[in-house]
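Structure in structure tokens, see below.
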Protein chains: 2
Amino acid sequence: MAQRRVLKYAILGLLSKQDMSGYDITSEFKKAIGQFWSAKHSQIYLELKKLLTEDSISQYIEISGVKLERKMYTLTSKGKEDLKSWLLAFEDHVQTEKDVFALRLYFLKDIPLEEIPSLFENQLRLRNEKLAFLNDQYAVYFGEENNPIDLNKEELGHFLVLTKAIAREENYIDWLTTSLEIVKQNGRK
Amino acid sequence: MAQRRVLKYAILGLLSKQDMSGYDITSEFKKAIGQFWSAKHSQIYLELKKLLTEDSISQYIEISGVKLERKMYTLTSKGKEDLKSWLLAFEDHVQTEKDVFALRLYFLKDIPLEEIPSLFENQLRLRNEKLAFLNDQYAVYFGEENNPIDLNKEELGHFLVLTKAIAREENYIDWLTTSLEIVKQNGRK
DNA sequence: AAGCACATGTAACAGGTTACATGATTTC
DNA sequence: GAAATCATGTAACCTGTTACATGTGCTT
């Protein structure tokens, strides 16, 4: 069974930290958590509407400035229950982590040899940019703090996710570097 | 821009190795390439129909046994062109690699401390099972061959994708192991 | 003859992206 | 006053999953 309604639980999880508007939720998906899940504002507003009718969240209005309305959302007790049971569920299998670059490399034989290095170099550039961004984030939030044992539970979730993202990118870059060498040597043979 | 019609190109790529039926394509997604892209048979048959009307592939019938029809598909010259230009395209950004376990960990503060180790252990079990499967595959295809420089171009694609999948799982397992220790120590403080 | 793998298809629904549409507030 | 950001929403379309539906061929 595929994992269903992940966006629902991502939103409930964000709201369990603090009340937010649809716009705030959209912004969160551009930060740390966006490394592992994201959605566009159009989808988020629809999901919020659905969560309201399901009584998992409730809404109130805040005014910014003179008349700009921010629709703020809060978890209901049902929403808290929904979130908690989702967080405690055991996964029975890992889903395919889709990766278009790896897919393309599988079809390597149809790529002219001279085109391959620039494909790798482009990917390396993108991955290095992402890694630099993640390292910046790490420095901002955990720069001085070199012992995660001192973090509170909320910070710890952020820490684990950031270190996961960093490890993932470093591992990707290592594989790209090694593979590029192999392909170059293979081509010279 | 999100990457569009990836399934189309995955199918064209598979057909560039040899003619296949919809069933064969479905089977391929259960092997190495399924680590990076997959689809259900229902979606594959629809996509094949679409590719036929677009003249990217053509169809012929093979009979197995007495009357079981296998609809075989071949790349047309248009299909080969489509595939080639997709393989040479530069990606302008890396997409979010969705990962539900990491998402759940971000919401760690809402998980009771005593439940956390079993969540990690479940994930470790799943990841270790996957790694064992991948290592088996590696042994089957590249067991004796310890020098990828001797591989031909078709085998090289397979090699790179398999080593990528193995590296990904090893990296995941390392992070899980380290993180579980951190969470345990953090909880004792 | 039972069970499993081979083989193809459709329908309903769920999830996600792009484009369209509008207006307020802040910053320079 | 222009531009960027804040803020919310809908419509059309594309992608992907689950369930339904049917039949053949091989192995034991």
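Sequence lines set the chain letters: A, B, ... in the order given, protein chains first and strands last, and positions in each chain run from 1.
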Value in whole Å for how far the C1' atom of D:dG16 lies from CZ of A:Arg5: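 It works out to 17 Å between those atoms.
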In this structure, how many angstroms lie between the C1' atom of C:dC6 and the OH atom of B:Tyr23, rounded? 5 Å
Closest-nucleotide 5' rank along DNA chain C - winner of B:Lys49 and B:Asp24: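 Whichever sits nearer the 5' end wins; that is B:Asp24.
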Which nucleotide, D:dT15, D:dT18, C:dA19, lies nearest any side-chain atom of B:Ser42? D:dT18
Among D:dG16, C:dA5, D:dT5, which nucleotide sits nearest the side chain of B:Leu7? D:dG16
Does B:Lys184 reach the main-chain N or O of B:Pro117 with its side chain, forming a donor-acceptor pair under 3.5 Å?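 Checking the backbone N and O of B:Pro117 against the side chain of B:Lys184, no donor-acceptor pair under 3.5 Å is found.
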Which pairs with one or both residues in residues 104-119 of chain B pass side-chain hydrogen bond (donor to acceptor under 3.5 Å, both in side chains), sequence neighbours excluded? A:Ser16-B:Lys109, A:Ser16-B:Asp110, A:Glu91-B:Arg104
Please list, in numerical order, the residues of residues 9-17 of chain B that have a heavy atom closer than 4.0 Å to any atom of DNA chain D.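 Nothing qualifies; none.
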Measure NZ/B:Lys71 against P/D:dG23 and give the value in whole Å, please.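 From B:Lys71 NZ to D:dG23 P: 15 Å.
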Nearest-angstrom distance from the residue atom CD of B:Gln3 to C1' of C:dT18: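 So the CD-C1' distance, B:Gln3 to C:dT18, works out to 16 Å.
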Touch class at under 4.0 angstrom, heavy-atom based, for A:Lys98 against every strand present: sugar-phosphate
May I ask you to verify whether the side chain of A:Ser21 and the base of D:dT8 hold a donor-acceptor pair under 3.5 Å?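 Side chain to base: no pair below 3.5 Å.
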Is any side-chain N of the basic residue among A:Glu121 and A:Arg125 closer than 4.0 Å to the acidic one's carboxylate O? no
Who else is in A:Met72's hydrophobic cluster (ILVMFWY, side-chain heavy atoms under 4.5 Å, direct or via others)? A:Tyr60
Decide whether B:Leu15 and B:Leu52 are clustered together by the hydrophobic rule: side chain heavy atoms of Ile, Leu, Val, Met, Phe, Trp, Tyr closer than 4.5 Å, transitively.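 In one cluster: yes.
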Side chain of A:Gln43, heavy atoms from C-beta onward: which of D:dA7, C:dT17, C:dG9 has the nearest atom to it?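 From the listed options, C:dT17 comes nearest.
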By salt bridge (Lys or Arg N to Asp or Glu O under 4.0 Å), which residues pair with A:Glu62, not counting sequence neighbours?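 A:Glu62 satisfies salt bridge (Lys or Arg N to Asp or Glu O under 4.0 Å) with A:Arg70 only.
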Between D:dT8, C:dA7, C:dT10, which nucleotide has the shortest distance from any of its atoms to the side chain of B:Leu46?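 Out of D:dT8, C:dA7, C:dT10, the nucleotide with an atom closest to B:Leu46's side chain is C:dT10.
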Rounded interatomic separation in angstrom, taking OH from A:Tyr73 and C1' from D:dA7: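 Spelled out: OH on A:Tyr73 to C1' on D:dA7 is 11 Å.
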Please confirm whether the backbone N or O of B:Phe159 pairs with a side-chain atom of B:Thr163, one donor and one acceptor, at under 3.5 Å? yes
Verify same cluster id: A:Leu108, A:Val100 (apolar side-chain graph, 4.5 Å): yes
Treating B:Arg168 as the side-chain partner and B:Gln35 as the backbone partner, does any N or O pair qualify as donor plus acceptor under 3.5 Å?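 Yes.
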For the pair B:Ser179 (side chain) and B:Leu176 (backbone), establish whether a donor and an acceptor sit closer than 3.5 Å, ignoring hydrogens and angles.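 Absent.
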Row check, A:Tyr45 ring normal vs A:Lys40 NZ/CZ: under 6.0 Å, within 45°: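 Judged by the rule (NZ or CZ under 6.0 Å from the ring centre, within 45° of its axis), A:Lys40 is not positioned above A:Tyr45.
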Do the side-chain N or O atoms of A:Tyr45 get closer than 4.0 angstrom to the phosphate oxygens (OP1, OP2) of D:dT8? yes
Can a cation-pi geometry be assigned to A:Lys84 and B:Phe107, taking NZ or CZ under 6.0 Å from the six-membered ring centre and within 45° of the ring axis?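 No; the conditions do not both hold, so A:Lys84 does not lie above the ring face of B:Phe107.
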Starting at NZ of B:Lys40 and ending at C1' of C:dA11, how long is that distance when rounded to a whole Å? 17 Å
For the pair made of CD in B:Glu97 and P in C:dG16, what is the distance, rounded to whole Å?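 Going from CD in B:Glu97 over to P in C:dG16 covers 16 Å.
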Contact letters for nucleotides 23-28 of chain C, in which S counts primed atoms plus P, OP1 and OP2 and B counts the base, heavy atoms under 4.0 Å: BSS---
Listed pairs, N/O of protein and of nucleotides 20-22 of chain C, under 3.5 Å:
none

Can you tell me the distance, in whole Å, between the CD atom of A:Glu62 and the P atom of D:dC6?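 So the CD-P distance, A:Glu62 to D:dC6, works out to 15 Å.
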